[in-house]
Protein chains: 2
Amino acid sequence: MEKRIYNFSAGPAILPEEVLKEAQENLMALPGVGMSILEISHRSKTFDDIINQTKADIKKLLNISDDYAILFLQGGASLQFSMVPMNIMPPKNRADYINTGAWSKKAIKEAKRVGDVNVAASSEETVFNRIPKQEELKLDSDAAYVHFTSNNTIYGTQWQNEPEAGSLPLVCDASSDILCRKVDVSKYGIIYAGAQKNMGPSGVTMVIFRKDLLERSSDALPTMLNYNTHVEKDSMFNTPNTFGIYIIGLVAKWIVNMGGLDKMYEQNKQKAKLLYNFIDSSSGYYKGHAEKDSRSFMNVTFNLSTEELEKKLIAEALAAGFSGLKGHRSVGGLRASIYNAFPTKGVEDLVSFMKDFQQKNG
Amino acid sequence: MEKRIYNFSAGPAILPEEVLKEAQENLMALPGVGMSILEISHRSKTFDDIINQTKADIKKLLNISDDYAILFLQGGASLQFSMVPMNIMPPKNRADYINTGAWSKKAIKEAKRVGDVNVAASSEETVFNRIPKQEELKLDSDAAYVHFTSNNTIYGTQWQNEPEAGSLPLVCDASSDILCRKVDVSKYGIIYAGAQKNMGPSGVTMVIFRKDLLERSSDALPTMLNYNTHVEKDSMFNTPNTFGIYIIGLVAKWIVNMGGLDKMYEQNKQKAKLLYNFIDSSSGYYKGHAEKDSRSFMNVTFNLSTEELEKKLIAEALAAGFSGLKGHRSVGGLRASIYNAFPTKGVEDLVSFMKDFQQKNG
């Protein structure tokens, strides 16, 4: 077998080896079916079982009530940036958005095409190195909803708990931390997430949608952009990304088998702690970008004292089998994305590598 | 290896075994990369090479000039039904649509949300069993474009040549016959196609877009629905369906290696002829649905004298390893979808089976 390296990519990102192995084993033909998952009809009994089991596992993992539909759509979070306001901003046509980075800004840009956006808080002044505190939020009590980005891949910040929005529906772009821990779904109107970081390959977007919000959508919306279409047809109005949903199903099963989201969270916290503790104990050789109480345990962002040293580390790391450590082009520095599927051993090895690098280049 | 059966599904549909084998072999890690195609960044050099080679092969196969962009989007043809009129119906806000079946009707429905639709011809009166003739088309010389569906999966009809639209841009939903033969792309404004019949897995839509039409799109459109976004960012504004594009690349290479689209077309015609000739020589035991000069060589639709016999044949065929022969729920009867990847041997075996069935149940 081809040797696998440590993949710190921010997304598409690493998947569990068990998942890849099962997908590989059955890629020519699903057991007892005689056709590949890439070839079967989305209206077949086989695929029905796959999508239903996937939804059942997600529902169980996140303890989702029957008030919510679980959808698998296309177009990524980027299309949700438009679908959310087009559907649920009316009739008020105003909404609160919390600006914690590049992805929040893209969501805001699309919402402004639909109605008024109140930026309830922003950490842009400090290069998005922190999550706004509850008391900073200037919420509009007449808003249609409150939108936030639960984890910010580029800056390495993450909401430790969701903001309090009172009676307003919370809408969350959870693309980069979905399924990393339990969340109280009952506090949310909509949670949406591109699959390609914590759940599967790119090309499928999971949307957890509270069904009482369906009544806000106008019949005049394009059929494919109306959540009613997808809830009524159970994600099968048109052909969904069948392979993507199949992989999400395998990932969900992998989390169930390991003991669920509490177990997942513990492991995630432990991995992040390893890396942050090392950074904090490096006597300032490595400097974390995010404020301590805003740190993400999905994306760890940090700098060295010079760009030159950063480049050197990235190059040497790549040669040693650590891929994808370069920070996002908009902020520079380094970023280690350590999503659900990233092994603890890989974080330990990175820490040794970084320790070594510091000794040689200190 | 798990035994594979004959897959006559209308889509998602059969893929070349060579393609599945290569994808399977490399699913844990691409050669020399150390990560799965499911895990690599869409901004990596590896994926850049994959998408560029895929575009180059498609460009070569269809002889596409530099006046066109080749895009890989999400949302299926169903989202194109809206994107096309939202982008290129203005400023005239009227367009011609030719109604040859259920998919044309869906396209018309979405176009009507944007502007005026002139149904230039329809074969609905005869259950869409034929393609309208050129002299029947009542084109509006002031239309923004002329839309047609090149192949109609449900009814088993196919345009033998595209309609003549004079100076108006032709827009074609080619989801079910893209890459089955050469077409003169220079006659078209837009060709769009969901991948899941002739090109790859579901979840990716190829759009061949004549760039002079870009100026028609309003800046007020949602970013993800504006073709300018995707042309400017070369299908990488957001994360595309990387795995789907990879498989399309393998399929394109498979066609190149077999000798290109003329070879493909020859093989497709020969397969269809085998089945149609048998149907025509069955003394009316099997009756083709489509008129002879409108017959599809992708989807062969036919009936027996009673529904009971049809059910019997479908059940016995399934037991004998022929899957997916049931006609679409909206028209009944039988349908054999014999896309590019469907082997000639499978058609021969189906003909023997049908011959046998006729003898036993004649």
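In the text below, chain A, chain B and the rest are named by the order of the sequence lines, each starting its count at 1.
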- [ ] Show your working on side chain to side chain contact (heavy atoms under 4.5 Å, CB included) between A:N241 and B:Q74 and close with a plain yes or no.
- [x] CA-CA 9 Å; A:N241 180 339; B:Q74 296 181 52; 6.0 Å; no

Task: Closest-packed option against chain B by number of heavy-atom pairs under 4.5 Å, given A:A23, A:A13, A:S9 - done: A:A13

- [ ] Among the options A:P222, A:A341, A:P201, A:S323, pick out the one with the most heavy-atom pairs lying under 4.5 Å from chain B.
- [x] A:P222

- [ ] Measure the spacing between CG of B:L27 and CD of A:E25 and express it to the nearest 0.5 Å.
- [x] 11.5 Å

Open item on the list: I'd like to know which of B:R113, B:M86, B:Q196, B:M224 tops the heavy-atom pair count under 4.5 Å against chain A.
Closed with: B:R113

Open item on the list: Under the criterion side chain to side chain contact (heavy atoms under 4.5 Å, CB included), I'd like the reasoning laid out for A:S36 against B:R4: C-alpha separation, chi angles, the key distance, then a yes or no.
Closed with: CA-CA 8 Å; A:S36 170; B:R4 283 172 55 82; 4.3 Å; yes

Task: Residue A:L221 versus chain B: region with a heavy atom under 4.5 Å - done: backbone

Task: Atom of B:I5, atom of A:M35 and distance for their closest heavy-atom approach - done: CG1-CG, 4.0 Å

TODO: Using non-hydrogen atoms and a 4.5 Å limit, figure out which bit of A:L73 sits close to chain B: side chain, backbone, both or neither.
DONE: neither

Open item on the list: I'd like to know which of A:V114, A:I14, A:T223 tops the heavy-atom pair count under 4.5 Å against chain B.
Closed with: A:T223

Task: Pick from A:L79, A:N26, A:I37 with the largest number of heavy-atom pairs that fall under 4.5 Å of chain B - done: A:L79

Open item on the list: For a quick check under 3.5 Å, do A:S202 and B:T242 share a side-chain donor-acceptor pair by atom type?
Closed with: yes

Open item on the list: So which residue, A:R43, A:K106, A:K109, ends up with the most heavy-atom pairs under 4.5 Å with chain B?
Closed with: A:R43

Task: Heavy-atom pair count under 4.5 Å with chain B, highest-scoring of A:S82, A:S78, A:G200, A:A77 - done: A:S78

TODO: Count the heavy-atom pairs under 4.5 Å between each of B:V204, B:L38, B:I40 and chain A, then report the option with the highest count.
DONE: B:L38

TODO: Give the minimum heavy-atom separation between A:Q24 and B:M28, together with the two atoms involved.
DONE: OE1-CG, 3.1 Å

Open item on the list: Would you say that more than 12 heavy atoms from the other residues, nucleotides or ligands in this model lie under 6.0 Å from the CH2 of B:W103, or not?
Closed with: no

